[in-house]
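Please read the structure below before turning to the comments.
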Amino acid sequence: MTQTPRTHLRAFAMAVATSTALLLPGFATAQFGPAITVNDDVISEFEVSQRIIMLRAFRTPGNLETVAREQLIEDRLKLAALRRAGLSITDEGLRTAMAEFASRANLELDQFVTLLGQQGVSEETFRDFVLVNVSWRDFIRSRFGDRAQVSEAEIDQALGQSDASSGIEVLLSEIIIPAPPPRAQQAIATAERISRLTSTAAFEAEARRVSALPSRARGGRLDWLPITNYPAGLRGLLLDLAPGEVTAPIPITNGVALFQMRGVREVPRAAAEPAAIEYAAFYINGGLSDRGLREAARVDANVDTCDDLYGIARNLPPEQLERDVLPPSDIPQDVAIELAKLDPGETSYVLTRAGGETLVFLMLCGRTPALGEGQDRDAIRNQLRSQRLNTFADALLADLRAAAQITYN
């Protein structure tokens with residue numbers, strides 16, 4: 001970006017003003033004064049403000065100040081338990097964990113840290129956030145791993161329950177509002193307004209007006225789908241909705257998603273929980289422009305299966321076509337939401353990457369059920385073990401909080 005002398009002057013004036021403010025005793029006191037004391041450990045106002053900014057950058061829904069304070073209290077309790085256990089993480093391990101977190105946004109670590117810095121989040125704030133969560137996860141595994149073992153009989157029981165259980169299907173309407181960086185704030189404001197609607201007619205009108213999805217022609221209406229098709233983190237949010245209610249804005253890459261509940265029903269047999277989902281992503285230049293969409297339509301007309309995409313991608317850079325088999329928890333949320341609506345061989349081309357410049361042509365190759373005859377028993381074992389570890393972790397944290405002295409300053 002070219003900077004004019006006036007731009008330089010403005011930047012210099014802001015820097016001088018900020019530096020002057022930092023020298024004032026009142027400013028320092030306000031920024032670094034205690035906000036909360038957990039036992040003898042102080043959480044500063046600066047930490048609270050940094051966590052709020054980071055949560056906003058992550059597009060976390062809810063009252064961000066309340067969420068930030070609760071998270072920081074829990075972080076202090078976890079750190080105290082980690083210190084007592086004599087556990088720590090190496091610098092290399094922490095760096096790897098930070099890189100893994102950044103990869104969820106399809107970014108390298110340096111790119112992710114730079115992006116956070118542009119929004120006012122220091123690298124130290126992000127580092128501390130990852131350090132606590134990764135160390136706590138490892139601590140829970142080491143402390144409760146033996147008690148979380150799963151027997152063969154319990155796996156058999158899970159298989160039997162799956163075969164006999166009923167299932168839940170949901171009838172939803174959807175909106176995805178494109179939100180590349182230049183239009184992100186406007187898109188979020190629109191999404192927050194729509195999230196307060198309770199009328200299906202009003203939601204359908206908004207879908208026709210602002211949604212980037214093909215379903216906008218139907219007012220965003222989807223058919224009945226098993227709740228298990230959706231990402232695990234989204235299911236509870238959807239099932240908590242009464243008919244007519246809309247989710248809070250759900251951040252996805254270069255966009256914001258909203259769902260309205262139209263109905264819930266129980267069906268005689270549950271749809272099997274997918275242990276893995278195989279899908280292909282073919283990247284097309286042009287984003288959602290007419291050029292990009294025309295190319296996506298051309299590809300769609302020439303493929304029936306994921307294997308057909310190899311012919312389309314012949315002589316192109318290898319990174320232009322990706323094919324993955326991943327557990328649902330490892331799939332980016334925007335991709336998982338789109339895959340939830342597809343049957344094998346069906347396609348979607350509404351998502352973008354690279355700030356909206358690249359269109360993602362998605363095709364579902366298949367789903368591997370987690371439960372059922374002939375399925376991987378190790379996947380079932382890991383699922384049950386993870387559930388038990390989460391239960392132990394929640395109980396330990398509740399005990400730590402009950403025994404702590406927490407003061408709000």
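In what follows, every heavy atom counts, from backbone to side chain, and hydrogens, waters and symmetry copies are set aside.
- A donor-acceptor pair shorter than 3.5 Å cannot be found between the side chains of Gln260 and Ser173.
- Side-chain atoms of Arg298 and Asn302, non-hydrogen and from C-beta on, do get closer than 4.5 Å to each other.
- Classification of Glu174 and Lys341 as a salt-bridged pair holds, one side-chain N sitting under 4.0 Å from a carboxylate O.
- Here Glu278 contributes atom CD and Asp324 contributes atom CG; the two are 9.0 Å apart, rounded to the nearest 0.5 Å.
- Side-chain atoms of Ser215 do not come within 3.5 Å of backbone N or O of Arg221 as any donor-acceptor pair.
- Using a distance-only test at 3.5 Å, with no hydrogens or angles considered, a donor-acceptor pair links the side chain of Glu245 to the main chain of Ala242.
- Within the 4.5 Å cutoff, no side-chain heavy atoms of Arg265 are placed close to those of Ile168.
- No more than 12 heavy atoms of other residues, nucleotides or ligands sit less than 6.0 Å from atom CD of Glu123.
- Side-chain N or O atoms of Ser386 include none that pairs as donor or acceptor with a backbone N or O of Asn382 at under 3.5 Å.
- The number of heavy atoms from other shown groups lying within 6.0 Å of CD (Gln119) is above 12.
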Audit row: Leu225, Glu169, side-chain contact (heavy atoms from CB on, under 4.5 Å) steps and yes/no: CA-CA 5 Å; Leu225 287 170; Glu169 292 185 343; over 6 Å; no
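- For Ser142 (side chain) and Phe139 (main-chain N/O), a donor-acceptor pair under 3.5 Å exists by modelled atom type.
- A donor-acceptor pair is defined here as one N or O able to donate and one able to accept, closer than 3.5 Å; no such pair exists between the side chain of Arg69 and the backbone of Thr66.
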Evaluation steps, salt bridge (charged side-chain N to carboxylate O under 4.0 Å, His left out), between Arg323 and Asp307: CA-CA 10 Å; Arg323 185 167 175 173; Asp307 289 343; 2.6 Å; yes
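- Considering all non-hydrogen atoms of both residues, Gly220 and Ala207 come closest at N-CB, 3.7 Å.
- Considering all non-hydrogen atoms of both residues, Leu359 and Gly292 come closest at CD2-O, 3.6 Å.
- Taking 4.5 Å as the limit, some side-chain heavy atom of Ile176 sits within range of a side-chain heavy atom of Ile252.
- Remark: the Tyr279 side chain and the Glu322 side chain contain no N/O donor-acceptor pair separated by less than 3.5 Å.
- Counting non-hydrogen atoms of neighbouring residues, nucleotides and ligands closer than 6.0 angstrom, the CD atom of Glu74 exceeds 12 such neighbours.
- Between the CG atom in Asn390 and the CZ atom in Phe392 there is a gap of 11.0 Å [rounded to 0.5 Å].
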Steps toward salt bridge (charged side-chain N to carboxylate O under 4.0 Å, His left out) verdict (Asp110, Arg95): CA-CA 11 Å; Asp110 291 343; Arg95 187 82 178 172; 3.3 Å; yes
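- Side-chain contact between Leu222 and Leu171 is absent, with no heavy-atom pair separated by less than 4.5 Å.
- Contact of the Leu364 side chain with the Glu346 side chain is not registered, since no non-hydrogen atoms from C-beta on lie closer than 4.5 Å.
- You'll find the side chain of Tyr283 stays beyond 4.5 Å of the side chain of Glu319, heavy atoms only.
- Side-chain N or O atoms of Asn39 include one that pairs as donor or acceptor with a backbone N or O of Gln405 at under 3.5 Å.
- Aromatic ring centres of Phe101 and Phe58 lie closer together than 6.0 Å.
- Closest approach of Pro214 and Val350 over heavy atoms only: CD-CG1, 3.3 Å.
- The minimum heavy-atom distance linking Leu258 with Ala191 is given by the pair CD2-O, 3.7 Å.
- Residues in residues 130-139 take part in no salt bridge (charged side-chain N to carboxylate O under 4.0 Å, His left out) pair, two or more places apart or across chains.
- Nearest heavy-atom pair, Pro180 versus Gly355, reported as atom, atom and distance to 0.1 Å: CB-O, 3.5 Å.
- With a 4.5 Å cut-off on side-chain heavy atoms, Ile312 and Val303 count as touching.
- Checking side-chain atoms of Asp308 against main-chain N and O of Asp304 turns up a donor-acceptor pair under 3.5 Å.
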Audit row: Val48, Leu72, side-chain contact (heavy atoms from CB on, under 4.5 Å) steps and yes/no: CA-CA 8 Å; Val48 174; Leu72 287 167; 3.9 Å; yes
Step-by-step salt bridge (charged side-chain N to carboxylate O under 4.0 Å, His left out) determination, Glu70 to Arg401: CA-CA 11 Å; Glu70 288 302 303; Arg401 183 156 191 154; 2.8 Å; yes
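- Applying the 6.0 Å contact sphere to CD of Glu124 captures more than 12 heavy atoms from other residues, nucleotides or ligands.
- The CZ atom of Arg353 sits 10.0 Å away from atom CG of Leu107, with the distance rounded to the nearest 0.5 Å.
- Listed for the Arg388 side chain is a donor-acceptor partner under 3.5 Å among the backbone atoms of Gln149.
- Counting only residues at least two apart or in different chains, salt bridge (charged side-chain N to carboxylate O under 4.0 Å, His left out) contacts with residues 179-200 comprise Arg193-Glu206.
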Full working for side-chain contact (heavy atoms from CB on, under 4.5 Å) between Ile175 and Val210: CA-CA 8 Å; Ile175 291 175; Val210 303; 4.1 Å; yes
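- A salt bridge links Arg76 with Glu47; the closest basic N to acidic carboxylate O contact falls under 4.0 Å.
- Taking a 6.0 Å sphere around CG of Asp223, one finds it holds 12 or fewer heavy atoms contributed by other residues, nucleotides or ligands.
- Legend: side-chain hydrogen bond (donor to acceptor under 3.5 Å, both in side chains) pairs involving residues 125-135, not counting sequence neighbours, sorted by first then second residue: Gln50-Thr125, Ser122-Thr125.
- Within the 6.0 Å centre-distance limit, the rings of Phe126 and Phe112 are counted as a close aromatic pair.
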Residue pair Leu309, Val299: steps toward the side-chain contact (heavy atoms from CB on, under 4.5 Å) verdict: CA-CA 8 Å; Leu309 286 169; Val299 173; 3.9 Å; yes
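- Residues Thr358 and Ala354 share a closest heavy-atom pair of OG1-CB, 3.7 Å.
- Proximity of a side-chain donor or acceptor of Arg235 to a complementary backbone N or O of Tyr230 within less than 3.5 Å is detected.
- For the pair Asn254 (side chain) and Thr352 (backbone), a donor-acceptor distance under 3.5 Å is present.
- Counting heavy atoms from C-beta outward, Ile43 and Val38 have side chains that approach closer than 4.5 Å.
- The OH atom of Tyr310 sits 10.0 Å away from atom OG1 of Thr305, with the distance rounded to the nearest 0.5 Å.
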